[in-house]
> 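Dumping the structure here so I can ask a few things about it.
Order of the sequence lines fixes the chain letters, A, B, ..., with proteins taken first and strands second; residue numbering starts at 1 for each chain. These numbers come from the heavy atoms of this one structure, side chains and all, not from hydrogens, waters or symmetry mates. Owing to the predicted nature of the structure, the values given are computational and were not obtained by experimental measurement.
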Amino acid sequence: MSRIRTRFAPSPTGFLHIGGARTALFNWALTRQQEGEFVLRIEDTDLERSTRESERAVLEGLEWLGIEWDVGPLRQSERAERHAEVVEALLESGAAYRCTCTKERLEALRARELESGGKGIYDGHCRDLALGPDCGPHTVRLRVDRSRSLRWDDLVFGPSGQDASEIGDGIIRRSDGTPLYALAVVVDDLDMEITHVIRGADHHSNTPFQLAIYHALGATPPIFAHVPLIVSESGRKLSKRRDPVSIQQFRAEGYLPEAMLNWLARMGWSHGDQELFSADEIIRHFDLDHVGRSGAQADLAKLESLNQHYLKARSPEALFEAARPFLEAVAGCPVPRSERLDKLLSLLCERSHQLVELAEKARFALVDEIEIDAAAARKHLRPVALEPLETLIGELEALEAWTPEALEEAFKKTCRTQGDLKLGRLAQPVRVAVTGTAASPGIYETLEAAGRERVVPRLKSAVEMIRKRIAGSS
RNA sequence: GUCCCCAUCGUCUAUCGGUCAGGACACCAGCCUUUCAAGCUGGUGAGGCGGGUUCGAUUCCCGCUGGGGACGCCA
């Protein structure tokens, strides 16, 4: 058997969304596995809605995910001549005909049809009129051979399609001379020798008409595999407005590409009980037979869980590399990598789901001025903490080494001299004073990460706060 | 409205006639504990309904119900 050739054909009318990304992933995975060729084709025939900007967004999204194409990006708009040529040939052979029906007539027709319980398809008004090129403004319709079967064996849905008698003569060229999607995809897929068309299930019911075009062209259709849609929590098709669907949005929030890939792969596809997949494993195991037929809801909680998993799985270098822009956004300045920061990051990814969250939690070690959470201060920076804090400051200032071990020693000693104070009674006020919040990694690691130069002043300012509080309440 | 498709825990799913219906996320509880997490242990939780076929149906068939998609001079 010859090599397979697949394609991903997004229309650049927005950003790369998760449905498209998953379709691309499935195409890519199968192609890599079979050592075929993967074509990227931009379907930009709708000039009004297509922009170079969103085309770039789509490419960037794919690149970020690590989905690489072998051919392209090709643009459908650049193939206009070829499309026109095919329509002319179809006209010539009689497989297509000119239609002068106005939009008004068609609308009225459809309304009347629907009203009387009909199918709302074209009635063939111009089918046998043999209209010539001089018939005025006209579209071109495919003369669907009504005796044929427009069925195929879908690799995901199984036997699909209907008889040609059930569909109408669809338009393949607009009155302005440009081709319609159905014509363009078929011609492009044929010219590009695409062997497997793997696309969203929203194309499932458009496929019969496309088969009719293949027939009219005397061509053999490719193999089709329709992948069920990813749906929103309401169970409907994803909406760009209401649902978080943009790949770049996820990226901006700090999701890792390996987590996205894993998440996307497991929506609709499975490999037994396995949940974790690297890109290589997806390629190795991907199988259209194990793509389900029902729509999948995008579960953000699962993505978060996967993202944390991959955050923890990253090497310190790779973690820092991914986190850097987020850390710098918090710091407001370049953030160099350091051993101290690496340690903090590894501690923080156990309590973060995305990089934005991680960077925010690292704030206390990145900036000089922190804000103290009011509720945390009220609860922990109380008069009873005053003496212990002052004692601790003395201990810390006397410390030679700023290590977790030395810090622990200082804390233990302070607790002892403060009448066997429970560690939590000291650790919590310190935590709030140093991080501004009541939650952080272990207190010694936290102090180590913040650095002596920041810890002592912050403790002193906390002491001041408490003093003011005492003065204010008396 | 017409055509097409889909239907297992809250969610993603495994199961290709015989399983105590499994896993993961989420959720709950316990352990751990200086906070928050993480981790560990345990737990709640599913075959939409009605008919068939069969010794036996989640699995095969039909109907119903529910949900979705397509019906453009959009892609």
Side-chain angles (χ1 to χ4, degrees), chain A residues 9-13 43-46 48-50 76 99 101-103 106-107 110 113-121 137-141 154 157-158 160-162 166-168 170-182 184-185 200-209 226 228-229 231 233-237 263 266-276 289-290 292-306 308 312 347-352 361 376 380 408 411 415 422-428 430-432 435 437-444 446:
Chain A
S11 49
T13 53
E43 313 247 302
D44 57 352
T45 13
D46 185 355
E48 277 181 29
R49 295 197 302 168
S50 302
Q76 198 157 60
C99 171
C101 292
T102 61
K103 284 186 184 175
L106 295 173
E107 250 168 62
R110 197 171 312 128
E113 270 274 293
L114 256 33
E115 186 95 11
S116 59
K119 297 174 182 172
I121 59 176
H138 64 273
T139 58
V140 173
R141 286 184 186 270
D154 196 278
F157 284 93
S160 303
Q162 37 195 326
E166 296 176 88
I167 70 168
I171 295 176
I172 55 176
R173 187 175 79 188
R174 298 184 182 88
S175 50
D176 68 1
T178 58
L180 265 96
Y181 167 77
V185 244
D202 46 346
H203 289 281
H204 193 253
S205 43
N206 295 330
T207 307
F209 182 60
H226 289 89
L229 264 24
V231 300
E233 282 184 44
S234 62
R236 284 198 303 258
K237 205 171 162 180
W263 184 57
R266 282 289 288 108
M267 268 194 270
W269 172 71
S270 62
H271 181 66
D273 280 344
Q274 188 171 342
E275 297 289 345
L276 263 18
D289 285 346
H290 289 90
R293 280 150 312 217
S294 47
Q297 278 186 39
D299 183 4
L300 272 310
K302 192 125 175 184
L303 207 215
E304 293 195 335
S305 153
L306 283 168
Q308 181 172 63
K312 292 199 283 188
L347 256 14
L348 253 23
C349 56
E350 304 214 329
R351 47 216 102 199
S352 306
K361 287 189 197 303
H380 298 290
E408 178 169 6
F411 270 69
C415 284
K422 288 193 69 174
L423 186 53
R425 298 277 183 177
L426 178 61
Q428 278 308 86
V430 171
R431 194 184 314 275
V432 173
T435 70
T437 72
S440 85
I443 193 65
Y444 312 126
T446 296

> Counting only Watson-Crick or G-U wobble pairs whose two distances fall under 3.5 Å, which nucleotide matches G1(B)?
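Because both required distances fall under 3.5 Å, G1(B) counts as paired with C71(B).
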
> So what's G66(B) paired with, Watson-Crick or G-U wobble, going by both distances under 3.5 Å?
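Its partner is C6(B).
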
> What's touching nucleotides 65-71 of chain B from the protein side, N or O pairs under 3.5 Å?
| residue | atom | partner | partner atom | Å |
| --- | --- | --- | --- | --- |
| G69(B) | OP1 | K237(A) | N | 3.2 |
| A70(B) | OP1 | K237(A) | NZ | 2.7 |
| A70(B) | O4' | S205(A) | OG | 2.8 |
| A70(B) | O3' | N206(A) | OD1 | 3.3 |
| A70(B) | O2' | S205(A) | OG | 3.3 |
| A70(B) | O2' | N206(A) | OD1 | 3.1 |

> For G48(B) versus G67(B), give the span between their C1' atoms, rounded off to a whole number of Å.
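Each nucleotide's C1' atom is 11 Å from the other's.
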
> When the nearest nucleotide of RNA chain B is assigned to R431(A) and to S160(A) on a heavy-atom basis, which residue is associated with the more 5' position?
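Between the two, 5'-proximity favours S160(A).
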
> Over how many whole Å does the gap from L300(A) atom CG to A24(B) atom P extend?
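L300(A) atom CG is separated from A24(B) atom P by 21 Å.
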
> Can you measure Q274(A) atom CD to C25(B) atom P for me and round it to whole angstrom units?
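Checked: the CD to P distance equals 14 Å.
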
> Hey, which of these two, K302(A) or G295(A), hits RNA chain B nearer its 5' end, going by closest nucleotide?
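Nearest nucleotide further toward 5': that of G295(A).
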
> State the pairing partner of C60(B); accept Watson-Crick or G-U wobble contacts with both distances under 3.5 Å, and report none otherwise.
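WC or wobble partner is G52(B).
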
> Check the distance between U35(B)'s P and E350(A)'s CD and give it to me in whole angstrom.
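After rounding, the reported distance stands at 16 Å.
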
> Provide the Watson-Crick or G-U wobble partner of U41(B), both distances under 3.5 Å; none if there is no partner.
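Across any shown strand, U41(B) pairs with A29(B).
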
> Distance check, rounded to the nearest 0.5 Å: L347(A) atom CG versus K361(A) atom NZ?
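Reported value, rounded in 0.5 Å steps: 12.5 Å.
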
> In whole Å, what is the span from the CD atom of E166(A) to the C1' atom of U2(B)?
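Atom CD in E166(A) sits about 10 Å away from atom C1' in U2(B).
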
> Report the distance from atom CG of L303(A) to atom P of A26(B), rounded to the nearest whole Å.
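For the pair L303(A) CG and A26(B) P, the rounded distance is 12 Å.
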
> Using only side-chain N and O atoms of K312(A), determine if any of them is under 4.0 Å from OP1 or OP2 of G39(B).
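Looking at the OP1 and OP2 atoms of G39(B), one of them is under 4.0 Å from a side-chain N or O of K312(A).
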
> Provide the Watson-Crick or G-U wobble partner of A21(B), both distances under 3.5 Å; none if there is no partner.
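Because no pair has both required distances under 3.5 Å, A21(B) counts as unpaired.
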
> For U34(B), which nucleotide in any strand shown is its Watson-Crick or wobble partner with both distances under 3.5 Å?
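Partner of U34(B): none.
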
> Determine the interatomic distance between C1' on A46(B) and the same-named atom on A7(B); round to the nearest Å.
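Taking atom C1' in both A46(B) and A7(B), they lie 12 Å apart.
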
> Rounding to an integer number of Å, can you tell me how far D176(A) CG sits from G72(B) P?
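In whole Å, G72(B) P lies 18 Å from D176(A) CG.
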
> CG/L423(A) to CD/Q428(A) distance, rounded to the nearest 0.5 angstrom?
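Rounded to the nearest 0.5 Å, the CG-CD separation comes to 9.5 Å.
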
> Taking the C1' atom in each of G50(B) and G30(B), what is the distance between them to the nearest angstrom?
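Straight-line distance between the two C1' atoms is 44 Å.
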
> Just the rounded figure in Å: distance from C1' of A26(B) to CD of Q297(A).
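Rounding to the nearest Å, CD of Q297(A) and C1' of A26(B) are 13 Å apart.
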
> Run the salt-bridge test on R266(A) and E275(A) with the 4.0 Å N-O cut-off and return the result as yes or no.
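Yes, R266(A) and E275(A) are salt-bridged.
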
